[in-house]
Amino acid sequence: MSSIIKVVNLSKSFFLKKKLNILKKINIEIKKGELIALLGPSGSGKSTFLHLIALLDQPSNGEIYFEGKKTSQMNDVEKDQVRGKKISIVYQQNNLLSDFTSLENVAIAMISTGKNIKYANNEAKKILRNVGVSKRLDHFPSDLSVGEQQRVAIARAVINEPQLILADEPTGSLDQSTSNEIFNLFLKFKSQNRSIIFATHNRELANRADYKLQIIDGNIRRSDE
Ligand SMILES: Nc1ncnc2c1ncn2[C@@H]1O[C@H](COP(=O)(O)OP(=O)(O)O)[C@@H](O)[C@H]1O
Ligand SMILES: [Mg+2]
């Protein structure tokens with residue numbers, strides 16, 4: 001299997017009153033088609049790690065390779081292309097634009113890459129059908145359940161067919177059955193040879209991933225059981 005992300009000696013520190021070493025010389029490789037659970041207590045650095053590999057933040061040290069290419073050597077245009085089309089991130093909440101319908105929220109992500117509106121609307125409808133919210137196209141986020149909002153957010157995250165989907169506690173505010181539905185979407189993406197990393201506190205879902213990455217004291221440990 002080929003590599004989607006590889007990090008070499010990746011470190012991240014924040015400086016407040018004193019230096020906080022959040023990630024310390026992490027070395028891992030993520031392959032295409034892998035579905036990975038990212039675990040660790042609150043404040044351990046899960047979001048920090050996801051932001052780094054989404055190229056939304058700069059490492060303090062070390063290198064991130066995307067599809068074999070050093071991201072530190074990409075220019076802004078290349079980075080924007082990777083961020084816009086190849087990597088997508090979903091958060092626990094506040095994902096959607098409140099003044100836009102489900103359909104618009106999803107279609108906008110595609111229109112912003114230069115596709116025409118009609119085409120984007122059609123694609124958005126297809127994806128929303130895939131995530132099971134085809135009957136909610138004209139609803140505004142406030143008129144959707146939390147689970148539906150999250151599915152629309154995931155539809156938006158995948159409309160441009162990213163190779164890497166990062167989800168930061170995507171089921172944190174969902175009940176078990178809705179969480180399972182989200183996980184089933186991840187399985188679908190995996191079957192399309194995409195890679196998914198989801199931060200979670202849900203042990204049951206984590207156990208169904210291909211493997212777990214656990215952040216402990218700034219290090220990442222892989223466990224396969
Ligand atoms: N921009 C920042 N400036 C200073 N400290 C930060 C910043 N972002 C995160 N941190 C700190 O880094 C640690 C890890 O945060 P985070 O990655 O959000 O953890 P998690 O997602 O695992 O709960 C926390 O102690 C947090 O306070
Ligand atoms: Mg977090």
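Because the structure is predicted, anything quoted here is derived from the model rather than measured. Numbering of ligands and ligand atoms starts at 1, following listing order.
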In this structure, are over 12 heavy atoms from other groups packed under 6.0 Å from I117 atom CD1? no
Sorted by chain and residue number, the residues with a non-hydrogen atom under 4.0 Å of ligand 1 are F14, L16, I22, P41, S42, G43, S44, G45, K46, S47, T48
With a cut-off of 2.8 Å, does any N, O or S atom of S47 fall short of it relative to the Mg ion (ligand 2)? yes
Give me the one residue out of L55, V7, I5 that meets side-chain contact (heavy atoms from CB on, under 4.5 Å) with T71. L55
Where at least one partner belongs to residues 7-18, residue pairs that pass side chain to side chain donor-acceptor pair (under 3.5 Å), sequence neighbours excluded: N9-N27, K12-D57, S13-N21
Write down the atom of N121, the atom of A107, and the distance for their closest heavy-atom approach. OD1-CB, 3.3 Å
Residue set satisfying salt bridge (Lys or Arg N to Asp or Glu O under 4.0 Å) with E78, at least two apart, ordered chain then number -> K69
Please tabulate, for the side chains in residues 37-54, all donor-acceptor contacts under 3.5 angstrom to protein atoms that are two or more places apart in sequence or on a different chain.
unit_1 : atom_1 : unit_2 : atom_2 : d
S44    : OG     : P41    : O      : 2.6
K46    : NZ     : G40    : O      : 2.8
K46    : NZ     : P41    : O      : 3.1
S47    : OG     : D168   : OD1    : 3.4
S47    : OG     : D168   : OD2    : 2.6
H51    : ND1    : S47    : O      : 3.0
H51    : NE2    : Y91    : OH     : 3.3

